[in-house]
Amino acid sequence: MLSNKRIQELELVMEFEKVEERFKEVSSWIENVGRKRLKETINLDDSLEMLLQAQKQFREFDLIASEYCRRGQEALKKMDRWEDFSSVDVHSYRIKLQTYKDQLEEFCTQLDKNRHRICETVRLYEFFDKVRQDICGTEEGVKS
């Protein structure tokens, strides 16, 4: 039984090494591209026109970022079996796995928050723009 468990651990380590390439690709993109682009969306412009342009650019980025999140999550699912192994030999791999998981979760959560914030900001600006137009129309009607 001990031998079988050791063989399973070795197979898992070999599988991890294959899957780690996906993790590294996703992790590298998050660090070198994703986080920088998310930071760019922190300060949104003050006009509806500029905000709509920023939303369009974010949507293009969001499609790519969501694909990287999906790839990372798929790779993590393949490693779900790690939970059953607690030997010292597997420990360093579990730490790497947890680091990738934390990084991916944090980035995907931030992406969701930015998506929601931009959408809500656009809706708010559109509402205020409509109110402004209604007020201007009402003022013109009162003047006539």
Side-chain angles (χ1 to χ4, degrees), residues 1-140:
M1 283 178 50
L2 194 58
S3 176
N4 285 343
K5 184 169 178 134
R6 183 69 179 147
I7 289 171
Q8 287 177 337
E9 288 175 357
L10 290 173
E11 288 172 349
L12 206 55
V13 168
M14 290 184 337
E15 183 180 345
F16 178 84
E17 290 172 355
K18 291 177 190 173
V19 173
E20 188 174 27
E21 287 306 311
R22 282 190 188 170
F23 288 138
K24 285 181 179 179
E25 177 190 345
V26 170
S27 178
S28 176
W29 185 88
I30 287 172
E31 292 303 318
N32 298 321
V33 178
R35 290 192 196 280
K36 291 176 186 173
R37 291 288 304 271
L38 281 179
K39 285 180 184 177
E40 292 171 4
T41 63
I42 289 175
N43 298 321
L44 298 173
D45 291 309
D46 290 338
S47 73
L48 179 58
E49 182 181 321
M50 295 299 288
L51 190 57
L52 289 171
Q53 181 64 28
Q55 183 184 39
K56 180 183 175 193
Q57 290 172 352
F58 181 81
R59 283 182 177 158
E60 293 167 2
F61 162 72
D62 189 28
L63 287 173
I64 296 166
S66 295
E67 176 61 23
Y68 275 97
C69 288
R70 186 190 62 74
R71 285 186 208 169
Q73 290 164 346
E74 282 179 1
L76 285 173
K77 281 183 183 176
K78 290 184 179 184
M79 301 311 297
D80 280 346
R81 296 185 327 175
W82 282 88
E83 301 301 321
D84 300 336
F85 294 94
S86 59
S87 75
V88 175
D89 295 335
V90 178
H91 184 71
S92 64
Y93 293 99
R94 289 180 70 164
I95 291 173
K96 282 184 184 181
L97 186 62
Q98 188 61 48
T99 301
Y100 288 129
K101 185 176 184 176
D102 292 345
Q103 178 193 38
L104 182 66
E105 284 178 5
E106 187 270 329
F107 177 77
C108 293
T109 299
Q110 194 63 41
L111 182 67
D112 287 341
K113 284 180 181 179
N114 281 21
R115 183 185 309 117
H116 179 72
R117 184 175 58 84
I118 289 172
C119 182
E120 290 300 311
T121 304
V122 166
R123 288 180 52 205
L124 186 61
Y125 270 71
E126 287 173 337
F127 172 75
F128 284 133
D129 194 51
K130 183 175 179 352
V131 168
R132 184 184 55 76
Q133 289 172 3
D134 289 346
I135 289 173
C136 288
T138 303
E139 287 177 356
E140 287 179 21

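These numbers were taken from a predicted model, which means no experiment stands behind them. Along the sequence shown, residues carry numbers from 1. As a basis for the values below, the full set of heavy atoms in this structure was taken, side chains included, without hydrogen atoms, waters or symmetry mates.
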### Query
Does R123 come within less than 4.0 Å of E120, counting only side-chain N to carboxylate O?
yes

### Query
How far apart are the closest heavy atoms of L48 and E126, and which atoms are they?
CD1-CG, 3.7 Å

## Note on the structure
Residues at least two apart in sequence or cross-chain that pass ring-ring contact (aromatic ring centres under 6.0 Å, His included) with F61, listed by chain then number, are W29, F58

### Task
Would you please name every residue forming a side chain to side chain donor-acceptor pair (under 3.5 Å) with D102, sequence neighbours left out?
Q98

### Task
List for me each residue that meets side chain to side chain donor-acceptor pair (under 3.5 Å) alongside E49, sequence neighbours excluded, and say none if there are none.
none

#### Entry: Nearest atoms (heavy-atom pairs only) where C119 meets Q55
CA-NE2, 4.1 Å

### Query
What residues, two or more places apart in sequence or in another chain, satisfy side chain to side chain donor-acceptor pair (under 3.5 Å) together with N4?
none

### Query
Would you call R70-E67 a salt bridge at under 4.0 Å N-O?
yes

### Distance-minimising heavy-atom pair for C69 and L111
SG-CD2, 4.2 Å

### Task
Decide yes or no on salt bridge (charged side-chain N to carboxylate O under 4.0 Å, His left out) for D62 and R59, but give the supporting numbers first.
CA-CA 5 Å; D62 189 28; R59 283 182 177 158; over 6 Å; no

### Task
Any chance you could lay out the salt bridge (charged side-chain N to carboxylate O under 4.0 Å, His left out) test for R35 and E106, step after step, and finish with the verdict?
CA-CA 10 Å; R35 290 192 196 280; E106 187 270 329; 2.4 Å; yes

### Task
Tell me, please, which residues at least two apart from Q57 pass side chain to side chain donor-acceptor pair (under 3.5 Å).
none

### Task
Please list all pairs passing the ring pair (Phe, Tyr, Trp, His ring centres under 6.0 Å) test where one or both residues lie in residues 116-137, with sequence neighbours left out.
none

